[in-house]
Amino acid sequence: MLTVRLPDGSSRDFSSSVTCLEVAEAIGPGLAKAALAAEVDGTPRDLSHTLPASGEATVRFLTKRDEGALAIMRHSCAHVMAQAVMRLYQGVQLAFGPTTGSGFYYDMLLPEPISEEDFPKIEAEMKKIVKEDLAFERLDMPRDESLQLCEELSQRFKVEHVQTGLGEESTLSFYRQGEFIDLCRGVHIPSTAHIGKAFKLLSVAGAYWKGDAARDQLQRLYATAFFDKKELTDHLARIEEAKKRDHRVLGKQLELFTIDQKVGSGLILWLPKGAIIRQTLEDMLKAELTRRGYEAVYTPHVGRVELYETSGHFPYYRESQFPVLCEHDAGSLVDRLVEKLRAGQITDEEEAKLLDAARLLGFDGKVDPQATPADRAAALDAWAHKHERYLLKPMNCPHHIMIYQSKPRSYRDLPVRLAEFGTVYRYEQSGELSGMTRVRGFTQDDAHLFCTDDQVADEFRGCLEMTQWVLESLGMTDYRVRLGFRDPDSSKYVGEEALWDRAEAELKAVCESMNLPGLTIEPGEAAFYGPKADFVVTDCIGREWQLGTVQLDYNLPSESRFALEYTGADNKPHRPVMIHRAPFGSMERFLGVLIEHFAGAFPLWLAPVQARIVTVSEKSEAYGREVEAKLRAAGFRVEGDYRGSKLGAKIREGQLALVPYLVIIGEKDRDAGTVALRDRLDGDVGAMPLAAALERLQTEVAERRVRQVATSNTADLSAKAAGNEY
């Protein structure tokens with residue numbers, strides 16, 4: 001006897017094995033028609049999933065109204081899109097087709113490129129497939145049969161993935177609708193008809209097979225789907241709004257930043273107006289740091305490799321670091337050889353060739369060819385350590401640790417709070433670079449706190465409060481806090497398990513005591529050295545950005561790392577606790593988000609140009625320049641438009657430049673000592689004495705007023721892939 005327990009507390013008994021769909025039919029025809037999938041004991045399943053013949057199972061059915069159903073429908077729509085493309089084009093090789101936060105994509109290798117002009121015919125074919133009402137059929141196969149099927153389908157990417165990426169899997173699943181079959185983990189809706197008509201192809205971009213630039217270049221076809229046409233229309237409107245706010249476009253139009261290939265990809269050149277915004281933000285935070293007892297420090301842009309080996313950043317960030325800078329000519333080659341030996345990515349013949357090349361460059365170390373690869377790598381590494389090697393710093397924390405260690409510390413000195421706007425470097429893949437939000441060199445508003453055990457809670461709370469203060473100062477009040485904890489099954493984390501448990505418990509207690517919005521715990525999101533609290537901000541069109549972060553660290557101060565100490569009240573050595581925090585995160589990323597959040601229309605206190613003098617005619621130019629000088633003397637960033645153009649055109653240009661205030665000056669103003677203010681938000685304010693206008697602007701700046709804030713409950717527009725593919 002099988003007992004099925006339902007969400008309302010009721011249960012149903014079945015004398016034999018049944019599918020989820022049969023359970024729905026037993027409950028009622030309405031549910032059977034509306035159900036798209038089911039959750040069995042919390043795990044998503046197809047309606048065709050067979051329940052055990054005996055025992056108990058908790059079943060919840062997913063309809064259009066349930067959270068999670070939309071992602072399942074979108075994944076099914078991705079299969080329909082791939083099927084449509086394969087009907088229209090010959091020789092299509094399928095890669096992966098996951099869902100994202102706002103839709104789905106499919107990576108494919110095609111004999112000819114697809115452009116947006118091809119979207120209507122692909123969508124038309126998709127509509128035919130939806131109308132055909134093809135059932136999604138799950139096929140579970142042993143690994144060898146799965147491999148054979150992929151070979152018969154002539155899908156070489158799937159063959160490779162079964163052989164390598166899924167080498168540990170004994171059984172694999174496929175889904176079939178009509179003539180289309182794809183390797184897939186699932187889950188799917190019952191048939192193509194459940195997709196409906198509210199889907200849309202969005203864009204096409206390049207991608208690499210498994211993200212490797214040395215492999216096949218694929219086409220990534222982006223699309224989205226909804227259960228309701230109005231939801232699709234609203235979503236497309238948000239996409240258009242996002243295009244208007246694109247920081248890469250606005251950054252160029254407003255002259256905030258530029259990227260020049262002669263300097264290098266992912267390296268930001270801050271233009272004068274962008275630098276004003278950055279400097280204003282830095283000054284705001286520096287004043288707050290002084291009030292909170294922080295000390296400013298400066299550290300170099302490079303450091304010896306051994307420093308980052310001790311911290312664990314090298315080789316942890318090896319794949320995203322710039323190459324090692326070596327004193328010895330053979331150093332870089334030896335370093336690469338060590339890396340390949342330890343990763344098992346080199347043949348004996350290749351190793352011999354590289355070793356010969358190193359000797360030509362002056363390598364004089366001894367390597368026993370009969371030794372194990374690990375011992376050969378150790379011998380090469382020992383030689384490398386005899387020579388100076390430097391790394392563009394991937395993190396500021398090891399440098400701050402060395403400042404802490406530069407003199408003896410007493411418990412009376414703690415907490416020590418060291419702050420720096422420090423630039424760090426990561427060699428991101430070129431395909432992952434994106435304006436200011438994904439770069440290769442970025443400045444963090446970094447600080448590291450060294451404190452006693454009993455100071456941890458207060459110091460961590462203070463860091464969280466500072467991050468809240470920063471976000472709320474900019475009108476970014478729609479955010480949630482994500483606690484990143486260690487994944488016990490992952491090997492990427494360093495340090496003792498007991499220290500991790502202690503750090504996670506303390507972090508959780510502090511965050512819960514503050515009633516932080518949207519607090520969630522996400523295993524696997526911790527830094528490699530400790531748990532963290534990330535502030536995930538939702539901008540005014542519903543996109544999520546991870547900005548500020550506060551991280552708790554018992555590992556870097558430990559004996560196995562830097563062995564940090566302070567002398568306690570008992571005159572004995574004790575180990576401090578370390579806190580990493582960056583309210584802005586990255587200045588580049590933060591400005592990129594700010595540009596899009598405000599659509600370039602910054603509040604008065606932050607705007608690079610706060611006011612523009614606009615003269616009615618050339619007769620009022622002299623008075624206009626006098627007003628400009630007085631505004632500038634009062635500390636405002638101001639410019640003047642004294643051209644002989646028509647007033648309406650000059651006002652229009654000022655509005656397009658998103659200047660917060662236009663100061664209109666005519667002959668009557670000159671005679672009366674007044675100005676006419678035009679507010680970017682409120683329009684014409686009217687004529688007033690210059691002193692009154694100055695007071696109005698000074699008050700708005702002093703209060704750091706953010707007068708225009710948009711909030712949104714819309715869906716995330718990110719394109720992070722979900723885990724519904726093999």
Side-chain angles (χ1 to χ4, degrees), residues 19-21 24 32-40 43-49 60-88 92 94-108 119 122-140 153 155 158 172-202 220-229 231-232 235 715 719 721-726:
T19 64
C20 293
L21 178 59
K33 183 178 180 180
L36 298 174
E39 286 183 357
V40 179
T43 302
R45 299 290 188 184
D46 301 310
L47 289 181
S48 60
H49 175 72
R60 183 173 80 94
F61 291 98
L62 301 179
T63 68
K64 293 180 181 180
R65 295 173 296 184
D66 290 291
E67 185 178 357
L70 182 59
I72 293 172
M73 184 273 279
R74 284 174 171 171
H75 185 46
S76 301
C77 197
H79 280 227
V80 168
M81 181 175 72
Q83 183 178 15
V85 171
M86 293 188 76
R87 283 184 177 183
L88 296 170
V92 177
L94 300 175
F96 297 128
T99 57
T100 68
S102 59
F104 54 89
Y105 65 78
Y106 216 115
D107 288 344
M108 311 175 197
F119 288 1
I122 296 174
E123 289 173 352
E125 193 63 38
M126 290 173 68
K127 290 176 183 177
K128 291 181 184 178
I129 296 169
V130 168
K131 191 174 182 180
E132 289 171 15
D133 194 14
L134 303 175
F136 283 95
E137 179 186 0
R138 182 183 175 97
L139 306 171
D140 291 298
L153 293 170
Q155 291 294 325
K158 305 293 183 179
L172 300 174
S173 59
F174 294 77
Y175 278 83
R176 175 169 59 198
Q177 79 265 12
E179 80 285 359
F180 180 83
I181 301 177
D182 195 11
L183 176 70
C184 181
R185 196 186 303 273
V187 172
H188 285 281
I189 56 179
S191 74
T192 59
H194 289 76
I195 292 173
K197 300 178 180 180
F199 56 82
K200 182 73 176 174
L201 273 64
L202 301 175
R220 176 169 292 179
L221 197 55
Y222 286 100
T224 192
F226 290 87
F227 288 120
D228 182 84
K229 277 193 172 183
E231 290 179 336
L232 174 62
H235 180 77
N724 49 16
E725 285 287 293
Y726 272 121

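Positions are given from 1 along the sequence. Side chains are part of it too, since the values below use all heavy atoms of this structure and drop only hydrogens, waters and symmetry mates.
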> Can you find a heavy atom in the side chain of Arg60 that is under 4.5 Å from one in the side chain of Asp66?
yes

> Find out whether Lys229 and Lys197 are in side-chain contact, i.e. whether some heavy atom of one side chain is under 4.5 Å from a heavy atom of the other.
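A side-chain contact under 4.5 Å exists here.
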
> Rounded to the nearest 0.5 Å, what separates atom CE in Met73 from atom CZ in Phe226?
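If we round to the nearest 0.5 Å, Met73:CE and Phe226:CZ are 8.5 Å apart.
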
> Any idea which heavy atoms bring Gln155 and Val92 closest together, and the distance?
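Scanning both residues, the minimum pair turns out to be NE2-O, 3.0 Å.
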
> For Arg87, is there an ion pair with Glu132 - N to carboxylate O distance below 4.0 angstrom?
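A salt bridge links Glu132 with Arg87.
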
> What distance do Leu70 atom CG and Glu231 atom CD have between them, rounded to the nearest 0.5 Å?
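The CG atom of Leu70 sits 7.5 Å away from the CD atom of Glu231.
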
> Just checking, any donor-acceptor pair under 3.5 angstrom between side chains of Glu125 and Gln83?
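Their side chains do not contain a donor-acceptor pair, so the 3.5 Å distance test is not met.
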
> Would you say that Asp46 contacts Tyr175 through its side chain, given a criterion of any heavy-atom pair below 4.5 Å between the two side chains?
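In contact.
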
> Measure across Pro190 and Ala35 and return the closest heavy-atom pair with its distance rounded to 0.1 Å.
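Minimum heavy-atom separation between Pro190 and Ala35: CG-O, 4.0 Å.
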
> Are His188 and Ser76 close enough that a side-chain donor and a side-chain acceptor fall under 3.5 Å?
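Per modelled atom types, His188 and Ser76 side chains form a pair under 3.5 Å.
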
> Could you go through the side chain to side chain contact (heavy atoms under 4.5 Å, CB included) check for Leu221 and Phe119 one step at a time?
CA-CA 10 Å; Leu221 197 55; Phe119 288 1; 3.5 Å; yes

> Report yes if the side chains of Leu36 and Ile72 come closer than 4.5 Å at any heavy-atom pair, otherwise no.
no

> What pair of heavy atoms forms the shortest contact from Val80 to Gln177, and how long is it?
N-NE2, 3.8 Å

> Locate the shortest heavy-atom distance separating Cys77 from Ala225; write the atom from each residue and the value.
SG-CB, 4.1 Å

> Can you name the nearest heavy-atom pair linking Arg45 to Ala37, along with the distance?
O-CB, 3.5 Å

> Just checking Glu67: does its CD atom have more than 12 heavy atoms from other residues, nucleotides or ligands closer to it than 6.0 angstrom?
no

> Give a yes/no verdict on a cation-pi contact between Arg74 and Phe104, requiring under 6.0 Å between NZ or CZ and the six-membered ring centre and an angle within 45° of the axis.
no

> Take Ile195 and Met126, measure what side chain to side chain contact (heavy atoms under 4.5 Å, CB included) needs, and give me the verdict at the end.
CA-CA 10 Å; Ile195 292 173; Met126 290 173 68; over 6 Å; no

> Rounded to the nearest 0.5 Å, how far does CD of Glu123 lie from CE of Met81?
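CD of Glu123 is found 10.5 Å from CE of Met81.
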
> If you round to the nearest 0.5 Å, how far is OG1 of Thr224 from NZ of Lys200?
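Answer for the NZ-OG1 pair, Lys200 versus Thr224, is 12.0 Å.
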
> Could you report the tightest heavy-atom contact between Ser173 and Asp140, atom names first, then the distance?
CB-OD1, 3.3 Å

> Between OG of Ser191 and CZ of Phe136, what distance do you get to the nearest 0.5 Å?
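The CZ atom of Phe136 is 7.5 Å from OG of Ser191, to the nearest 0.5 Å.
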
> So, taking the atom named OG1 in Thr192 and the one named NZ in Lys131, what distance separates them when rounded to the nearest 0.5 Å?
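Interatomic distance, Thr192 OG1 to Lys131 NZ, rounded to 0.5 Å: 12.0 Å.
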
> Would you call Phe199 and Lys127 a side-chain contact if the rule is heavy atoms closer than 4.5 Å?
yes

> Set out, in order, the CA-CA distance, both residues' side-chain angles and the distance that settles side chain to side chain contact (heavy atoms under 4.5 Å, CB included) for Phe180 and Leu94, then state yes or no.
CA-CA 11 Å; Phe180 180 83; Leu94 300 175; 3.7 Å; yes

